[in-house]
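Encoded as structure tokens, the structure appears first; notes follow it.
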Amino acid sequence: MLLTSKRWHTSESFDHKDTDALVDVLLKSRNINTPEDRKSFLQDDGGIWHDPFLFVDMDKAVDIIVNTIEANQKILVYGDYDCDGVTATTILVRYFRSHGCDVDYIVPHRAEHGYGLTENILSKVLEAKPALLITVDCGITNFDTITKIKESGIKIIVSDHHNVKETLPDADVVICAKREDNTYPFKDLCGAGVALKIVEALGRDGRFKLTSNIWRQSIELAGIATIADLVSVVDENRTIIKKAFKSMSDPANLGVRIMNSMLLENGKRLDETFISFNFVPRINAAGRLYDSSDALKLFLSDDERMVKEAADDLGKQNDERKKIEADVFAEAVRQVEDVRRPEEWLLTNTCGPIVVYGSNWHQGVLGIVAGKLAQYFRRSAIVFTDDSIEPNNVKGSGRAFGEYDLYGALTEIQESCVNFGGHKKAAGLVVSKKGLRDFMVALEENARQHIKDEADEEEKESEDDENLLEINACIPFEQVTFETYERVNVLKPFGIGNKKPIFSTKNLIITEMASMSNGAHIRIELADGRENPQPGTISAVGFGMGQYSGVLKVGDRVNIAYTMNEYTYRGNTTLSLYIEDIIPVYENSFMWNKADTAEKLYGSGLELEQISKLAKSDLKTAFIPGQNHYTACFKTLDGNCKEGISTVDVDLLSKMITIKTGVEITPFQTKRCLEVFSEAGLMKLGNIGALRVCFSFLNNTGKVQLSNSKTYMRLNAYG
């Protein structure tokens, strides 16, 4: 069971309905302060666009490509198997086909060839006999393979967006904004974004012009990839996405048109959410499970029947991917929560990323499972399985949670890796089987050192604190409207670097509550709980918050943090709130509102009589658990978290105990019950903070005497 809340940091509070002021606050939080920056940020097609020739050696790349075309020589485009690689490949191939060039492409098979331009696919590249090889979305770290290809007499242009290591590969040209001598103003284009700039440069050169149709298709595909690839949605990326959406209102690419017609239900909006959750998973499914031929067929073919077949096949592959992913995720969660997991790797004893390994897990779902684990446990995660190519190695994929720099951490412990690549939020890596434990130790030590360094530097709440929830604005009940949602949408598209705003509204009363998806989620209706309440209710959904059905009840007062979204049903669109966090409003009592203070005083050794005086609470009823409290606490734990490892906030657990058993219990009493159970050998208990604990039940079949525990005796010494 995971039942925890976050610490809120609110940038601004409003007590009136003023959406213009709200938008101003949101813009300032994004460092958009001047009228010029505001105009640029808000204009329909984006305001920032850079000259492609600002890339180092772009002019050389254009000359090599043009000379190859003029000589009627063969060009081979080599991409990656994910959405970014597939779209980047399509952008270049469609441009070359528009000029009747001799062009072919290769996208590797994940399991057979691995990521990038590896030795495993070298023979296939050489068999194609190109005069020029252009890599897209890969190649920046494939030094040996590139050298061998060059030695065979093939010219090579590497275009990539991943982080550069110490040196560049020995290609004829390397187009990458992350090389040390970079002069391009924006470093965070995705692979398809770089491909877009290459065809733009070719068009500007003028010798082989860029038609309007090919440009629109390139923009559409680059926009999809920018959303898919976890790059920042700022600067030129924001402009690319905006231009892509404008073009996709009547798509130039047939595959985009057919996918939209299949997936975009009546009344739903074409935006980054649709692309992320409906479009991209189908493109990625092909490369995750098989090869990317259907995805490439979708974008490269102009035969409507063939494109529709490809779209249908991608849908089926995506359904299969979901099943495989669900199975692997369930196994990974069981592994993390298994009480038999070595003690040094228990959640209670680690602060770095979660690391899990399954020998037969499908390589194609490792990244998406890592992302789900990161959200589920609120910790960065790395998922490993056996390497299908190198049996002595394991292959992993990681996703960062919060502001954790995953690529930076791997760079600092790179001696523990066979190979790695990626960026801050996502990374792929290979580790030797024999070295997996050493890798985990190095990763954990690195995380602990960073925490220590931050603490030594300055004792303050860090923006990297994964338990800190940044709330853009606290707004009143009457401002939670569809009109506010529409007004805030001027900041779209949202993503990394331009996150969807998180709002909070306080003092709400639950009027209805229901479980969803077999108890996995909750839906609640909320009314204004102030003295002079506004009429009506607002609807909110808590995804993955099913446990709260045992913590909250109709009539409770709560504060919620949420994002605004829209829900469309049968063509009717309404406002829906997605809950980020929910905090019960406790009675004005020291025992609840200052529960952490009571714990700290108790931990310092202060006598309970003194604490009770400060709390102005009765010693026996508020501090010392009775038999009914021990019974109620154990009964609740036994019914809800008997298996695996549970992480809970004691105040929320106390609410759950009270609701499920009818026994009133304070957080202080609940914490003492847990300590007594631990000392009596019923559970293993770890403290994460004053009010957060992590515990698992032990297999104890003997009779337990709670009165023998030190905590029990200390409490009952007061009579």
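Note that the coordinates shown come from a computational prediction; the quantities given were computed from them, not determined experimentally.
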For the pair His521 and Phe543, name the ring-plane relationship: parallel under 30°, tilted 30 to 60°, perpendicular over 60°.
-> perpendicular

Within a strict 4.5 Å, meaning less than it, do heavy atoms of the Leu682 and Phe634 side chains meet?
-> yes

Indicate yes or no for a side-chain donor-acceptor contact from Asn559 to the backbone of Asn507 under 3.5 Å, with no hydrogens or angles considered.
-> yes

Thr350 pairs by side-chain hydrogen bond (donor to acceptor under 3.5 Å, both in side chains) with which of Glu444, Glu344, Arg379?
-> Arg379

Report, as yes or no, whether the 6.0 Å neighbourhood of atom CD on Glu664 holds more than 12 heavy atoms from other residues, nucleotides or ligands.
-> no

Closest non-hydrogen atom pair between Thr666 and Trp592, with its separation = CA-CZ2, 4.2 Å

Smallest heavy-atom separation, Leu406 atom then Gly398 atom, equals CD2-C, 3.3 Å

Name the one of Lys323, Arg321, Lys322 that satisfies side-chain hydrogen bond (donor to acceptor under 3.5 Å, both in side chains) with Glu325?
-> Arg321

Between Leu706 and Tyr712, what is the shortest heavy-atom contact and its length?
-> O-CB, 3.4 Å

Picking from Leu526, Thr505, Ile583, what satisfies side chain to side chain contact (heavy atoms under 4.5 Å, CB included) with Val558?
-> Leu526

Hey, can you tell me if Phe668 and Phe623 have their rings parallel, tilted or perpendicular (30° and 60° cut-offs)?
-> perpendicular

Do Phe377 and Thr647 have side chains that get closer than 4.5 Å, going by heavy atoms?
-> no

Evaluate whether atom NZ of Lys506 has more than 12 neighbouring non-hydrogen atoms of other residues, nucleotides or ligands under 6.0 angstrom away.
-> no

Does the side chain of His362 come within less than 4.5 Å of Thr385's, by heavy atoms?
-> no

Do you know which two heavy atoms are closest between Lys655 and Asp556, and how far apart they sit?
-> NZ-OD2, 3.0 Å

Would Asn472 and Lys499 satisfy side-chain hydrogen bond (donor to acceptor under 3.5 Å, both in side chains), going step by step from the backbone distance to the final call?
-> CA-CA 10 Å; Asn472 296 94; Lys499 293 180 181 178; over 6 Å; no

Rounding to 0.5 Å, atoms CD (Glu478) and CD (Gln534) come to a distance of 4.5 Å

Check whether any side-chain heavy atom of Leu3 sits under 4.5 Å from a side-chain heavy atom of Tyr548, and report yes or no.
-> yes

Is there a side-chain contact between Tyr602 and Ile611, using heavy atoms and a 4.5 Å cut-off?
-> yes

Quick one: are Thr537 and Glu512 in side-chain contact, heavy atoms under 4.5 Å?
-> no

Tell me, with the steps shown, if Tyr567 and Tyr578 meet ring-ring contact (aromatic ring centres under 6.0 Å, His included).
-> CA-CA 11 Å; Tyr567 174 69; Tyr578 292 175; 9.3 Å; no

The reported gap from OG in Ser612 to CG in Leu606 (rounded to nearest 0.5 angstrom) is 9.5 Å

Tell me, do Thr4 and Leu652 make a side-chain contact under 4.5 Å, heavy atoms counted?
-> no

Please step through side chain to side chain contact (heavy atoms under 4.5 Å, CB included) for the pair Tyr630 and Val663, ending with a clear verdict.
-> CA-CA 10 Å; Tyr630 289 112; Val663 176; over 6 Å; no

Is the number of heavy atoms from other residues, nucleotides or ligands under 6.0 Å of Asn360 CG greater than 12?
-> yes

Side-chain heavy-atom pair Thr411, Asp405 within 4.5 angstrom cut-off | no

